[in-house]
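Reading through the C-alpha cells given below for one structure.
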There are 2 protein chains.
Amino acid sequence: MVKNKRKKTRMTKQRKAILKVLKSTKSHPTADWVYEQVKEEIPNISLGTVYRNLNVLAEMGKIMVLDYGSTYSRYDGNPENHYHFKCLECGRVYDVDIPVKESLNKEVNENTAFKVTYHRTEFYGVCPECQNKN
Amino acid sequence: MVKNKRKKTRMTKQRKAILKVLKSTKSHPTADWVYEQVKEEIPNISLGTVYRNLNVLAEMGKIMVLDYGSTYSRYDGNPENHYHFKCLECGRVYDVDIPVKESLNKEVNENTAFKVTYHRTEFYGVCPECQNKN
DNA sequence: CTATTTGCAAACGCTTTGCCTGATT
DNA sequence: AATCAGGCAAAGCGTTTGCAAATAG
C-alpha cells in the first residue's frame with residue numbers, strides 16, 4: 001500500500017509540459033484544467049495521459065495530490081508540506097503561509113500508539129474575494 | 001454553497017437505523033459498510049437511501065463526512081471536530097485523542113486575509129496493528 | 001391529506017485501464 | 001532492440017438522481 005516500485009521514468013514532452021503547467025501556477029488546479037492548459041502546447045494530448053502523468057509525478061514526489069472533500073482531485077505543484085485553505089463559498093483552494101507545526105506530530109507520537117510521519121491540515125472559511133462579494 | 005436550506009425532516013426508520021449504526025461504532029465506515037450493517041435490520045433498504053441519508057444527516061450536523069484522499073468517503077458518527085489518523089499501510093482511519101488546536105485558526109486569521117471558521121487535520125503514518133505485523 | 005422519503009435502476013462524472021502504436025534510452 | 005509512454009475509447013466505480021409507490025406527521 002505504501003510501496004515504492006519505481007521503474008525507469010522517461011521525461012517525455014507530455015510529462016514535462018504537465019509538470020511545467022503545475023509549477024507555473026499558484027492555484028491548485030484540477031486534472032481537467034491542467035489538460036486544457038497543456039493542450040495549448042500539445043493539442044492532441046489525451047486526458048488519460050494527463051491523469052497517468054499526474055499520478056506518476058505524485059509518486060515521484062514532484063507534485064502533491066489534494067483530494068480533500070470534493071469529487072475531483074486537485075494538484076499542487078509544490079510538494080513541500082504546507083497548509084491549505086478552502087473557501088466554503090467558492091470552493092477555491094489556497095496556500096496558507098504559516099509554518100507547518102511539526103510539534104503536532106511529536107504530540108501524537110508521544111500520546112498515542114500511532115507512528116506519525118506527517119500531517120495535513122486544511123482550513124475552512126471564507127476567502128478574501130468572497131468576503132468582498134457580500 | 002454553504003447554505004442551510006433545511007426543510008421538514010422525517011425520522012424514518014431507515015434514517016434512524018443508519019444513524020444508529022454510525023453512532024454505535026468508533027470506526028469510520030464507508031457508505032457500503034453502513035449499508036451492509038443496516039441491511040441486517042432492514043433487509044430491503046437500498047444503497048441509494050443510505051447515501052441520501054448520510055448526506056442528510058451530515059447536513060443536519062449529526063454526523064461528519066471524511067473524504068480525505070481516497071476514492072470513497074468515510075463517515076463519522078461523531079460530529080465534534082477532532083483529529084484523525086490514517087494508516088498508510090492498511091488504510092484504516094482512527095480518531096486521535098489530542099485536543100483540537102483552536103489557536104491555529106487564530107494564527108491564520110491574524111496572519112492572512114482568510115476568515116477561518118475551522119480546520120481539519122489528519123495524521124499519516126503506521127497504526128499499532130501494522131507496526132506489529134512486520 | 002400531502003410533502004417527504006424510499007426502492008429501484010439508470011445515469012453521472014471523475015478516473016483508470018486495455019490495447020496497440022509511437023517514442024525514448 | 002527492448003521497454004516505457006501515449007492516444008483513444010471503453011470500462012470502472014463510488015455516488016447521485018428520476019420516478020412511481022409508500023409513508024410520516
Side-chain angles (χ1 to χ4, degrees), chain A residues 1 3 5-22 28-60 62-76 91 93, chain B residues 1 4-22 28-60 62-76 91 93:
Chain A
M1 196 132 199
K3 297 287 163 286
K5 273 242 184 55
R6 285 285 68 235
K7 36 183 110 162
K8 253 139 287 172
T9 296
R10 294 180 181 167
M11 254 316 190
T12 61
K13 68 170 189 284
Q14 287 87 341
R15 191 163 295 167
K16 231 176 289 184
I18 290 167
L19 185 56
K20 193 179 70 186
V21 164
L22 224 42
H28 302 76
T30 61
D32 208 66
W33 187 88
V34 174
Y35 173 53
E36 293 300 333
Q37 296 306 114
V38 177
K39 259 208 297 207
E40 300 192 354
E41 193 175 329
I42 309 174
N44 69 319
I45 195 171
S46 82
L47 184 54
T49 298
V50 173
Y51 273 105
R52 257 187 298 237
N53 278 308
L54 288 170
N55 288 338
V56 171
L57 290 168
E59 272 181 56
M60 290 165 53
K62 288 185 182 296
I63 68 173
M64 193 180 252
V65 185
L66 310 176
D67 32 23
Y68 300 95
S70 180
T71 41
Y72 41 78
S73 294
R74 289 174 171 279
Y75 299 85
D76 189 335
V93 176
Chain B
M1 197 136 199
N4 217 1
K5 272 245 182 61
R6 284 283 72 233
K7 35 184 114 162
K8 250 142 290 172
T9 296
R10 293 180 181 168
M11 254 317 188
T12 60
K13 67 171 191 284
Q14 288 87 342
R15 189 163 297 167
K16 230 175 290 183
I18 290 166
L19 185 56
K20 193 179 70 185
V21 164
L22 224 43
H28 302 76
T30 61
D32 209 66
W33 187 88
V34 173
Y35 174 54
E36 293 301 331
Q37 296 306 115
V38 176
K39 259 208 297 208
E40 300 192 353
E41 193 175 329
I42 310 174
N44 68 321
I45 194 172
S46 82
L47 183 55
T49 297
V50 172
Y51 273 106
R52 256 185 302 235
N53 279 308
L54 288 170
N55 288 338
V56 171
L57 290 168
E59 272 181 56
M60 291 166 49
K62 288 186 182 295
I63 67 172
M64 195 180 250
V65 185
L66 311 175
D67 32 23
Y68 301 94
S70 177
T71 42
Y72 40 76
S73 294
R74 290 174 170 278
Y75 299 85
D76 189 334
V93 176

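Residue numbering restarts at 1 for every chain, and letters A, B, ... go by the order of the sequence lines. None of these values were measured; they are calculated from a predicted model.
- Between the CG atom of A:L54 and the P atom of D:dA5 there is a distance of 15 Å, given to the nearest Å.
- For A:L47 against A:A31, the heavy-atom pair with the smallest separation is CD1-O, 4.5 Å.
- In the region residues 42-49 of chain A, proximity to DNA chain D at under 4.0 angstrom, judged on heavy atoms, holds for A:N44, A:I45, A:S46, A:T49.
- In this structure, the separation between CD on B:E36 and CD1 on B:I45 is 11.5 Å, given to the nearest 0.5 Å.
- The structure places CG of B:N53 at 11.0 Å from CG of B:L22, a figure rounded to the nearest 0.5 Å.
- Sorted by first then second residue, the salt bridge (Lys or Arg N to Asp or Glu O under 4.0 Å) pairs that include residues 45-54 of chain A, not counting sequence neighbours, number zero.
- What you find for B:I18 and B:V50 is that their closest heavy atoms are CD1-CA, 3.7 Å.
- Atom pair A:W33:CH2 and C:dT15:P shows a separation of 16 Å (rounding to whole Å applied).
- Note on A:N55: every side-chain N or O is 4.0 Å or more away from OP1 and OP2 of C:dT15.
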Restricting both atoms to N or O, compile the protein contacts to nucleotides 10-14 of chain D shorter than 3.5 Å, with distance only.
none

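- For B:E59 and C:dT4, the CD to P distance is 14 Å, given to the nearest whole Å.
- Within the model, atoms OG1 of A:T30 and CG of A:L66 stand 11.5 Å from one another, a figure rounded to the nearest 0.5 Å.
- At whole-Å resolution of the value, CG in A:L57 and P in D:dC4 are 17 Å apart.
- Considering CG of A:L54 and OH of A:Y75, their distance stands at 5.0 Å, rounded to 0.5 Å.
- When the P atom of C:dG13 is taken as reference, atom CZ of A:R74 falls 17 Å away, rounded to whole Å.
- Put simply, CG on B:D32 is 15 Å from C1' on D:dT16, counting in whole angstrom units.
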Quiz item: If the sugar-phosphate is the primed atoms plus P, OP1 and OP2 and the base is the rest, what is the B/S/- string for nucleotides 19-25 of chain C, using protein heavy atoms under 4.0 Å?
Solution: ----BBS
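- Across all non-hydrogen atoms, the minimal contact from B:H28 to B:R74 is O-NH1, 2.6 Å.
- Of all heavy-atom pairs between B:K16 and B:M11, the closest is CE-O, 3.6 Å.
- When the nucleotides D:dA5, C:dT15, C:dT5 are ranked by their closest atom to the side chain of A:R15, D:dA5 comes out on top.
- Rounding to the nearest 0.5 Å places CZ of A:R15 at 6.5 Å from CE of A:M60.
- Phosphate contact (OP1/OP2 of D:dA24, side-chain N/O of B:Q14, threshold under 4.0 Å): absent.
- For the pair A:Y35 OH and D:dC8 C1', the computed distance is 10 Å after rounding to whole Å.
- With rounding to the nearest 0.5 angstrom, the CE atom of A:M64 is 14.0 Å from the CG atom of A:L57.
- B:K13 meets the side-chain hydrogen bond (donor to acceptor under 3.5 Å, both in side chains) test with no other residue; sequence neighbours excluded.
- B:K39 NZ: more than 12 foreign heavy atoms inside a 6.0 Å radius.
- Fit an axis to the five pairs at each end of the helix from C:dC1-D:dG25 to C:dT25-D:dA1 and the two axes sit 40° apart, to the nearest 10 degrees.
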